[in-house]
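Both backbone and side-chain heavy atoms feed into the values below; hydrogens, waters and symmetry mates do not. Per chain, numbering begins at 1; letters A, B, ... match sequence-line order.
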2 protein chains.
Amino acid sequence: MSDHRERLKLAGYKLTKARLAVLQVIEHADGHVTSADVLDGVALVDPAVGRASVFRTLDLLTRLSIVRPTYIGTSATPYYVLLPGGHHHHIICTVCSRVIEFAECGLENIAILLEERLKVKLTGHLLEFYGQCADCQDKIAVNNED
Amino acid sequence: MSDHRERLKLAGYKLTKARLAVLQVIEHADGHVTSADVLDGVALVDPAVGRASVFRTLDLLTRLSIVRPTYIGTSATPYYVLLPGGHHHHIICTVCSRVIEFAECGLENIAILLEERLKVKLTGHLLEFYGQCADCQDKIAVNNED
DNA sequence: TTTAAATTGATACATAGTCTCATTCAGAGT
DNA sequence: ACTCTGAATGAGACTATGTATCAATTTAAA
Ligand SMILES: [Zn+2]
Ligand SMILES: [Zn+2]
Ligand SMILES: [Zn+2]
Ligand SMILES: [Zn+2]
């Protein structure tokens, strides 16, 4: 996926060691990573990279719609998700914080509509549903049984 | 909108002064508030309410899909948005952090589909598009003009 | 009104993210 | 390959956001 490196370059940003390290960590992670996860991973990949640069890079990747922060479970710190192809979709269980991803969204049409109507240029999107997963519904049902 | 109070009650939570104060502040705010905004507002509405309870209530409202934290601009702190009717949709400009809301989403069908296929029970959703607003496209165009 | 469990406020604390600035580095031009 | 310049970085002090603890209070049901 050196696709991401390409996009940094095209947008006029230098391919520095810090940025390459952060990208590598995020790409190899499976889905949802916190900044702490990225800091830990980067410390292994390239210990010379500093704390501030990791945060700067996460911000940059967010501005480029390569990555998107989202709050899961406790609101302490965001999780970063890759937006491969510009989008990502998941369901968050509000009871156990489990995340279930899904592929289809059918949002292309509304995206085009919004671009025309509002004169915006859209580069990505995130769709999140909230609710209870199958397990947590069962638990609630059991608790209400008396 | 004492709808929200009703929902707290139904879910088995007490209608305490802290919770009522937080709800009042969020309902009267126009769209996107940070925890700092809520803390300030609550200090005016009911100065006896403590810092911790504000955070506890924001967490609770999030778990009930009454409110949803989202990441806008800097990574410092989340913005909380109301999910009236269970959903909210906006576009975030990745250049100037402006937020543009829009009403329609057409996601009812996919919600039903997911509930059936994954046996989840969905209570709300958030749809975010990322890109550049009209103004920021203009700026970029000007910068590239030489 | 009584009561028990839920919730709270105060405050000390942990930690996530920011700022500053001298130094380094990426990459374009030669 | 060598030079040069602005972009980017690392160190680390610093700010502020959110958390944990626990005795005291309050809600709401009986
Ligand atoms: Zn669950
Ligand atoms: Zn999509
Ligand atoms: Zn803009
Ligand atoms: Zn919707």
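Protein atom CZ of A:Phe55 is 14 Å distant from nucleotide atom C1' of D:dA16, rounded to whole Å. Between the P atom of C:dG17 and the CG atom of A:Leu39 lies a distance of 9 Å, rounded to the nearest Å. The CG-C1' distance, from B:Leu8 to D:dA28, rounds to 15 Å in whole Å. Between B:Arg5 atom CZ and D:dA28 atom P there is a gap of 13 Å when expressed in whole angstrom units. Across the protein-nucleic acid pair, A:Leu20 atom CG and C:dC25 atom C1' stand 13 Å apart, rounded to whole Å. Distance A:Leu23 CG to D:dA8 P: 14 Å, rounded to the nearest Å. Whole-Å rounding puts the A:Tyr80 OH to C:dA16 P distance at 12 Å.
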Practice task
Decide yes or no on side chain to side chain contact (heavy atoms under 4.5 Å, CB included) for A:Leu107 and B:Leu127, but give the supporting numbers first.
Solution key: CA-CA 10 Å; A:Leu107 289 169; B:Leu127 171 59; 3.5 Å; yes

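A distance-only check finds no donor-acceptor pair linking the side chain of A:Glu128 to the backbone of A:Ile92 [under 3.5 Å]. Side-chain atoms of B:Gln137 come within 3.5 Å of backbone N or O of A:Lys119 as a donor-acceptor pair.
Using a 4.5 Å cut-off between side-chain heavy atoms of Ile, Leu, Val, Met, Phe, Trp and Tyr, with links allowed through other members, B:Val49 and B:Val38 fall into the same hydrophobic cluster.
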Under-3.5 Å N/O pairs linking protein and nucleotides 27-30 of chain C:
{"residue": "C:dG27", "atom": "OP1", "partner": "A:Leu15", "partner atom": "N", "Å": "2.8"}

Would you tabulate the pairs of protein nitrogen or oxygen atoms and nucleotide nitrogen or oxygen atoms of nucleotides 10-13 of chain D closer than 3.5 angstrom?
{"residue": "D:dG10", "atom": "OP1", "partner": "A:Ala48", "partner atom": "O", "Å": "3.0"}
{"residue": "D:dG10", "atom": "OP1", "partner": "A:Gly50", "partner atom": "N", "Å": "3.4"}
{"residue": "D:dG10", "atom": "OP2", "partner": "A:Gly50", "partner atom": "N", "Å": "2.9"}
{"residue": "D:dG10", "atom": "OP2", "partner": "A:Ser53", "partner atom": "OG", "Å": "2.6"}
{"residue": "D:dG10", "atom": "N7", "partner": "A:Arg56", "partner atom": "NH2", "Å": "2.8"}

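In this structure, NE2 on B:His88 lies 12.5 Å from CZ on B:Arg68, to the nearest 0.5 angstrom.
Using cut-offs of 30° and 60° for the angle between ring planes, the A:Phe102 and A:Phe129 rings count as tilted.
Residues B:His125 and A:His89 keep their aromatic ring centres 6.0 Å or farther apart.
Applying the 4.0 Å criterion to OP1 and OP2 of D:dA16, one finds that B:Thr77 has every side-chain N and O outside that range.
Between B:Arg117 and A:Glu104 there is a salt bridge, since a side-chain N of the basic residue sits under 4.0 Å from a carboxylate O of the acidic one.
Near-neighbour residues of DNA chain D inside residues 57-67 of chain A, defined by a heavy atom below 4.0 Å, are absent.
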